[in-house]
2 protein chains.
Amino acid sequence: MTNHPNSPFIATPGQTFTLADRPTRVDHFEDKSDAKDAALDHAKDIEDLAHRLYGQASQKLLVVLQGMDTSGKDGTTKAVFDRTPPLNVGVAAFKSPSKQELAHDYLWRVHQVVPKKGQITVFNRSHYEDVLVVKVREFAPAEAIEQRYAQINDFERMLVETGTTILKCMLHISHDVQGERLRDRLDVPDKRWKFNPGDLEDRKLWPDFMNAYETMVQRTSTPYAPWYIIPSDDKPTRNAIVARLVRQTLEAMNPTYPDPGYRPEDFEI
Amino acid sequence: MTNHPNSPFIATPGQTFTLADRPTRVDHFEDKSDAKDAALDHAKDIEDLAHRLYGQASQKLLVVLQGMDTSGKDGTTKAVFDRTPPLNVGVAAFKSPSKQELAHDYLWRVHQVVPKKGQITVFNRSHYEDVLVVKVREFAPAEAIEQRYAQINDFERMLVETGTTILKCMLHISHDVQGERLRDRLDVPDKRWKFNPGDLEDRKLWPDFMNAYETMVQRTSTPYAPWYIIPSDDKPTRNAIVARLVRQTLEAMNPTYPDPGYRPEDFEI
């Protein structure tokens, strides 16, 4: 269990949470270049820590990234793990569930891809979609969704008790900035493949999504897996804040290379 | 199907293959720094190509890395994909099979982790272990192993016919260099966790392993998935050669961002 209770971005477990009180923009850095340098410094430390975690092969780290379309889940992953080789970090992206997945409970596909010993796994979206888009669009009965908050807390507690550290970040953007970014996806030919007209349908439901996020954080920010609400209107600032949290989390896990007890003189090569 | 028939490292399909004729060291670069610069240049291009592959979401790339202990499968992966974010490249590492895996055919666990559309997957070891260590240590009957070459060729042809490009690299090191690297793992405290006394047992069987590799390449270097024999005694040279092959392979695949047909004026945001 590795929390950062003094982080200005934590949603303190047990306290009333109001999403509207949380900034989508902060001035923690002189300028974009300053924030980029900070993110890269963290990314370099993360590479070393991830390698130690891999060598130690006992602890596991799960990083959950949730946020509205264009909030920067891909970009954050790239920046934070810019220096970490693919052997030491993996990404699980959750899209609309397949027929086979829908034939199981909603945690079934999630459980299959949690990190194993020595690994970092980034969830690009997650089981939280099942209390977000599923709630807003009413893809499941209200009573079923109401049960999920406790089910998710139980599932995450089991993961933590069995050796996984969980870091949950909500990438928080403003309605205006989402509009700019969607416009940009349409206007730049090389980005147009990312544009999905369905995103505009979600955008129309913005207040409903914000309500669902607020309830999600209120109900699932636990002492063993609290939420951090990341101001994400400025990309370099967002990256630097998440990278710092990941670095601090790994530092607190304090992974060390195991000593197998061999001495150099034990073997003739 | 994306071959490089003019590569000096290819094991040309249909021709007699003699491993002893293949160098473990070449002088393609002025010095280590020159080779490192080359690898990094390729790695930067690979990042862009991998992103286009991801955007295109139709082709798949499988990179198979095989080699004796200490040949550098981890190090090569790190150097080649140094700039590619984890969203666009994954690693599947094959260790000794579990009881559950052994209860299935040997390709079962492999098939589950082949790349999906838009993805690059690196195999750190692979199904080829089933005609290498399994053969040398006689973990399966000789007749079963004899059948595997054709089974593997059939499996790979199916993958290629259904949209996967396969690049197979054998990281070729000398017996002397393996000795140095194993010694180094013992002598450097932070590397000692990598040392496995079982590796010394395999080292005693070096000629048997070289015979198994030779037969493997002879029997499974096919027009649709040929082997490349990478001189790997010098790490930066090895990395630069593999990175160049990966870059050339991706360039030949020529991934392009799809045009979904939307025009900027089609949507009000």
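The structure presented is a predicted model; accordingly, all values stated were derived computationally and were not measured. Chain identifiers are assigned alphabetically (A, B, ...) following the order of the sequence lines, protein sequences preceding nucleic acid strands; residue numbering begins at 1 within each chain. Worth knowing before you read on, the calculation uses all heavy atoms, side chains too, and leaves out hydrogens, waters and symmetry mates.
Only the side chain of B:Arg52 comes within contact range of chain A, with heavy atoms under 4.5 Å apart. Proximity to chain A (any heavy atom under 4.5 Å) is shown, for B:Pro258, by both the backbone and the side chain. With a threshold of 4.5 angstrom between heavy atoms, B:Asn124 approaches chain A through side-chain atoms but not through N, CA, C or O. Of the atoms belonging to B:Arg203, it is side-chain heavy atoms, and not backbone ones, that fall under 4.5 Å from chain A. When heavy atoms are compared at a cutoff of 4.5 Å, B:Glu47 approaches chain A solely by way of its side chain, counted from C-beta outward.
Residues B:Gln178 and A:Ile269 fail the side-chain proximity criterion, which asks for heavy atoms closer than 4.5 Å. B:Lys78 is not listed as a side-chain neighbour of A:Asn88, based on a closest heavy-atom distance of 4.5 Å or more. Looking at A:Phe195 and B:Asp266, their side chains never come closer than 4.5 Å, going by heavy atoms from C-beta outward.
Counting heavy-atom pairs closer than 4.5 Å to chain A, the top-ranked of the candidates B:Leu200, B:Asp259, B:Thr77 is B:Leu200. Contact count against chain B (heavy-atom pairs under 4.5 Å) is highest for A:Pro86 among A:Pro85, A:Pro86, A:Ala57. Between chain B and the residues A:Gln56, A:Lys194, A:Arg263, the largest count of heavy-atom pairs under 4.5 Å involves A:Arg263. Most heavy-atom pairs under 4.5 Å with chain A, from the set B:Pro189, B:Pro197, B:Ala93: that is B:Pro197. Of the residues considered (A:Asp190, A:Asp187, A:Leu182, A:Val89), A:Asp190 shows the highest number of contacts with chain B, using heavy-atom pairs under 4.5 Å.
Nearest approach of A:Pro264 to B:Arg183, heavy atoms of both residues: O-NH2, 2.5 Å.
Atom OG1 of B:Thr84 is separated from atom CZ of A:Phe81 by 16.0 Å, given to the nearest 0.5 angstrom. If you take CZ on B:Phe267 and CG on A:Asp199, they are separated by 10.0 Å, rounding to the nearest 0.5 Å.
Under the 30°/60° scheme for interplanar angles, the aromatic rings of B:Trp193 and A:Tyr257 are found to lie parallel.
Dense packing is recorded around CZ of B:Arg185, with more than 12 heavy atoms of other residues, nucleotides or ligands lying under 6.0 Å away.
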